[in-house]
A.B. asks: 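Before I ask anything, let me first share the structure, which is written out below as structure tokens.
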Amino acid sequence: MMDGVWKPVIILSVFIAAAQCLNCRQCPISLIDTCLFGSEVTCSNANESCYRGQAQFNATESVTLHIRGCLSSRLCGTTINSSLLGADFTSSFQCCTTDLCNGAASVQRPLILALCAAILSALRGLWEL
């Protein structure tokens, strides 16, 4: 009799723990959909989702910032109009609920490697002079 009671409780506990441990890519800003200084983050509570968002400044309509991270599920699929330092912008959010589903891969390592290669190349050119 006890086995029949404990199995559902254990299974439910596993699902609750999994819901509270959603991992998402976090990206404070990206250019041309490539994340600069991205990282992986664990969402803080069970009603959060991973999201991909964008903020488009209304005056120019050509400047769009892309961001990613954790977001309250109630904001998923919404569009918000706001302003920052007098500049109006529109933000929209698309959400998903599986680990790393918002796919904001960081370019930190490739960028650092490219910079190191450029510096070494420049130093090598100086040594040959």
A.B. asks: With rounding to the nearest 0.5 angstrom, report the OG to CD distance, Ser72 to Glu48.
C.D. replies: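 It is 7.0 Å, given to the nearest 0.5 Å.
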A.B. asks: So, for Gln26 and Cys35, which heavy atoms are closest and what is the spacing to 0.1 Å?
C.D. replies: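 Heavy-atom minimum between the residues: O-SG, 4.2 Å.
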A.B. asks: Cys95 versus Leu71: any side-chain heavy-atom pair under 4.5 Å?
C.D. replies: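 Touching, per the 4.5 Å side-chain cut-off.
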A.B. asks: Does any pair with a residue in residues 79-100 pass ring pair (Phe, Tyr, Trp, His ring centres under 6.0 Å), and if so which ones, sequence neighbours excluded?
C.D. replies: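 The answer is Tyr51-Phe93, Phe57-Phe89.
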A.B. asks: For the cysteines Cys24 and Cys101, is the SG separation below 2.5 Å?
C.D. replies: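 No, the SG atoms are not under 2.5 Å apart.
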A.B. asks: Test side-chain contact (heavy atoms from CB on, under 4.5 Å) on Leu22 and Cys50 and set out the steps.
C.D. replies: CA-CA 8 Å; Leu22 182 63; Cys50 297; 3.9 Å; yes
A.B. asks: Taking only residues two or more places apart in sequence or in another chain, which ones pass side-chain hydrogen bond (donor to acceptor under 3.5 Å, both in side chains) with Asn23?
C.D. replies: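 Here the qualifying residues are Thr42.
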A.B. asks: Please write out which residues are connected to Val41 in a hydrophobic cluster, directly or through intermediates, given that two of Ile, Leu, Val, Met, Phe, Trp, Tyr count as joined at side-chain heavy-atom separations below 4.5 angstrom.
C.D. replies: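 None; Val41 is a cluster of one.
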A.B. asks: Would His66 and Arg52 satisfy side-chain contact (heavy atoms from CB on, under 4.5 Å), going step by step from the backbone distance to the final call?
C.D. replies: CA-CA 7 Å; His66 299 273; Arg52 295 177 76 144; over 6 Å; no
A.B. asks: Scan the side chains in residues 73-87 for donor-acceptor partners under 3.5 Å anywhere in the protein, sequence neighbours excluded, and list what turns up.
C.D. replies:
residue	atom	partner	partner atom	Å
Ser73	OG	Asn47	O	2.7
Ser73	OG	Ser49	OG	2.9
Thr78	OG1	Leu75	O	2.5
Asn81	OD1	Thr90	OG1	2.9

A.B. asks: Let me confirm one number: the SG-CG distance from Cys96 to Asn102, rounded to the nearest 0.5 Å.
C.D. replies: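 Cys96 SG to Asn102 CG: 5.5 Å, rounded to 0.5 Å.
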A.B. asks: How long is the span from the CG atom in Leu100 to the CZ atom in Arg68, to the nearest 0.5 Å?
C.D. replies: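 Atom-to-atom, Leu100:CG and Arg68:CZ are 12.5 Å apart.
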A.B. asks: When rounded to the nearest 0.5 angstrom, what is the spacing between CD in Gln56 and OG1 in Thr64?
C.D. replies: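 Reported to 0.5 Å precision, the distance equals 4.0 Å.
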